[in-house]
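Read the structure below first, then the notes.
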Amino acid sequence: MQDELWTDLRLRDQCIRSLSQPRFARYLTATGRDTIRALKLYSWNSQLSKELYIYLQAWEICLRNKLNDFLVHRYGKSWPYDTTGLGRQLTGPDKERLSQARQRQERIRGIAPASLPAIVSDLSAGFWVSQLSKRYDIAHVWRRNLTQVFPHDRVLDRPAAWGICDEMLSLRNRIAHHEPIFHLPLEQRYRDLQRIVAAMCPGTHAFAEASNRFRPVWHARP
């Protein structure tokens, strides 16, 4: 069927209409308005997204669990409901994210308070990345506590960890919304992803390394 796409103008036109002209325009511009090359570039972008998503999934799950362990250590197991501990430290947007996650899980499960694992898995990646930002330097005492989250990279400091995770959040969101990523410095993003996951958990790093084919796909650019 893929071969038919390159030889059948009708199929190509149907595909492009489904993608929409505004979405496809980025690929046409990048290929000098060559329709077949643009479709191949779109296909390559999708393959890159698939391979990176495996690693990004490992990053997000590991990050939220590491940060949850830290928050439990610092604020107790009821930290999502603690208004005098972490609740006093959270920024407005993070308070809202946490409130929505609590309410959603209480409604879904018909019980209050909702369990900690349910809330942790419900919270957005943005909430977790935010915990590494400068605004929480004092609240979380990252100067002393960062190694609780990243025990396997003693050189990594809070600004570097936040910078990498913020880039990963942006990349994750672009992939989740099916946006172009082929124009980004993906080799550097991949190296950063390897570093940040290895810093948290060598086992998760090994899983992610064994579960993706980013490099051969990257070097197969059409």
Side-chain angles (χ1 to χ4, degrees), residues 49 52-83 85-106 108 113-153 156-177 179 181 189-205 207-208:
S49 298
L52 284 170
Y53 191 81
I54 296 170
Y55 226 127
L56 287 166
Q57 181 187 64
W59 161 76
E60 182 177 347
I61 291 172
C62 192
L63 181 69
R64 76 188 186 197
N65 288 332
K66 284 285 187 179
L67 282 167
N68 173 58
D69 288 345
F70 166 72
L71 294 178
V72 167
H73 170 77
R74 185 157 178 79
Y75 301 102
K77 292 182 179 180
S78 61
W79 66 259
Y81 289 91
D82 183 1
T83 58
L86 180 63
R88 295 178 60 184
Q89 309 292 343
L90 291 176
T91 64
D94 286 337
K95 282 183 181 178
E96 183 62 23
R97 288 166 171 158
L98 180 54
S99 175
Q100 290 179 357
R102 287 196 312 256
Q103 293 173 22
R104 192 160 42 242
Q105 288 305 313
E106 289 170 358
I108 291 171
S115 70
L116 180 60
I119 294 172
V120 167
S121 63
D122 190 295
L123 280 163
S124 69
F127 174 88
W128 298 112
V129 172
S130 177
Q131 301 308 304
L132 295 171
S133 65
K134 185 178 181 179
R135 63 179 67 94
Y136 293 112
D137 249 345
I138 296 175
H140 297 338
V141 196
W142 282 134
R143 180 175 57 84
R144 287 205 317 262
N145 293 328
L146 193 68
T147 54
Q148 292 191 42
V149 180
F150 304 103
H152 304 285
D153 189 337
L156 189 69
D157 59 14
R158 199 277 315 158
W162 176 80
I164 292 173
C165 287
D166 194 51
E167 285 181 345
M168 294 310 114
L169 176 62
S170 177
L171 181 59
R172 171 205 180 278
N173 289 343
R174 290 193 69 84
I175 290 173
H177 291 280
E179 297 294 334
I181 62 169
R189 295 286 192 275
Y190 187 72
R191 287 193 293 270
D192 288 342
L193 194 49
Q194 289 175 305
R195 180 186 182 186
I196 203 71
V197 173
M200 291 187 287
C201 175
T204 303
H205 173 258
F207 165 80

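Values below: every heavy atom of this structure, side chains too, minus hydrogens, waters and symmetry copies.
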(message) Can you confirm whether more than 12 heavy atoms, excluding those of Phe207, are under 6.0 Å from its CZ atom?
(response) no
(request) Could you tell me whether Lys66 and Asp69 have a side-chain N and a carboxylate O separated by less than 4.0 Å? (result) no
(request) May I ask you to test the Leu171-Tyr55 pair for a side-chain heavy-atom distance under 4.5 Å? (result) no
(request) Evaluate the side-chain proximity of Phe127 to Val120: yes if any heavy-atom separation is below 4.5 Å, no if none is. (result) no
(request) State, yes or no, whether a side-chain contact exists between His152 and Pro202 at a heavy-atom distance under 4.5 Å. (result) yes
(message) Using a 6.0 Å distance limit plus a 45 degree cone around the ring axis, check whether Arg172 lies over the aromatic ring of Tyr53.
(response) no
(message) Can you give me the closest heavy-atom contact between Arg102 and Ile119, atom names plus distance?
(response) CG-CD1, 3.9 Å
(request) Return yes if a side-chain donor-acceptor contact under 3.5 Å exists between Arg158 and Ser133, otherwise no. (result) no
(request) Could you tell me if the ring centre of Trp142 sits under 6.0 Å from that of Phe150? (result) no
(request) List the steps, then state whether side-chain contact (heavy atoms from CB on, under 4.5 Å) holds for Phe70 with Leu146. (result) CA-CA 9 Å; Phe70 166 72; Leu146 193 68; over 6 Å; no
(request) Identify the two heavy atoms, one from Thr91 and one from Tyr136, that lie closest to each other, and give their separation to 0.1 Å. (result) N-OH, 3.0 Å
(request) Using distance alone, with no hydrogens and no angle criterion, decide if Asn68 and Trp79 have a side-chain donor and acceptor under 3.5 Å apart. (result) yes
(request) Would you give the length of the straight line joining atom CD of Gln103 to atom CG of Leu98, rounded to the nearest 0.5 angstrom? (result) 10.0 Å
(message) I'd like to know if Asp137 and Arg143 make a salt bridge, using a cut-off of under 4.0 Å between side-chain N and carboxylate O.
(response) no
(request) Heavy atoms only: give me the nearest Asp94-Ser130 pair and the separation to one decimal. (result) OD2-OG, 2.6 Å
(message) Ignoring hydrogens, what is the shortest heavy-atom contact between Thr147 and Arg144? Give both atom names and the distance.
(response) OG1-O, 4.0 Å
(message) With heavy-atom distances below 4.5 Å as the criterion, would you say the side chains of Asp153 and Ile196 are in contact?
(response) no
(message) Could you go through Thr204 and Met200, starting from their C-alpha distance and side-chain angles, then the distance that decides it, and tell me whether this counts as side-chain contact (heavy atoms from CB on, under 4.5 Å)?
(response) CA-CA 8 Å; Thr204 303; Met200 291 187 287; over 6 Å; no
(request) Would you please say whether a donor-acceptor pair under 3.5 Å links the side chains of Gln131 and His140? (result) yes
(request) Heavy atoms only: give me the nearest Leu116-Lys77 pair and the separation to one decimal. (result) CD2-O, 3.7 Å
(request) Check whether any side-chain heavy atom of Gln89 sits under 4.5 Å from a side-chain heavy atom of Tyr75, and report yes or no. (result) yes
(message) Please determine whether the number of non-hydrogen atoms from other residues, nucleotides or ligands lying under 6.0 Å from atom CH2 of Trp162 exceeds 12.
(response) no
(request) Write down the atom of Ala118, the atom of Gln105, and the distance for their closest heavy-atom approach. (result) CB-OE1, 3.5 Å
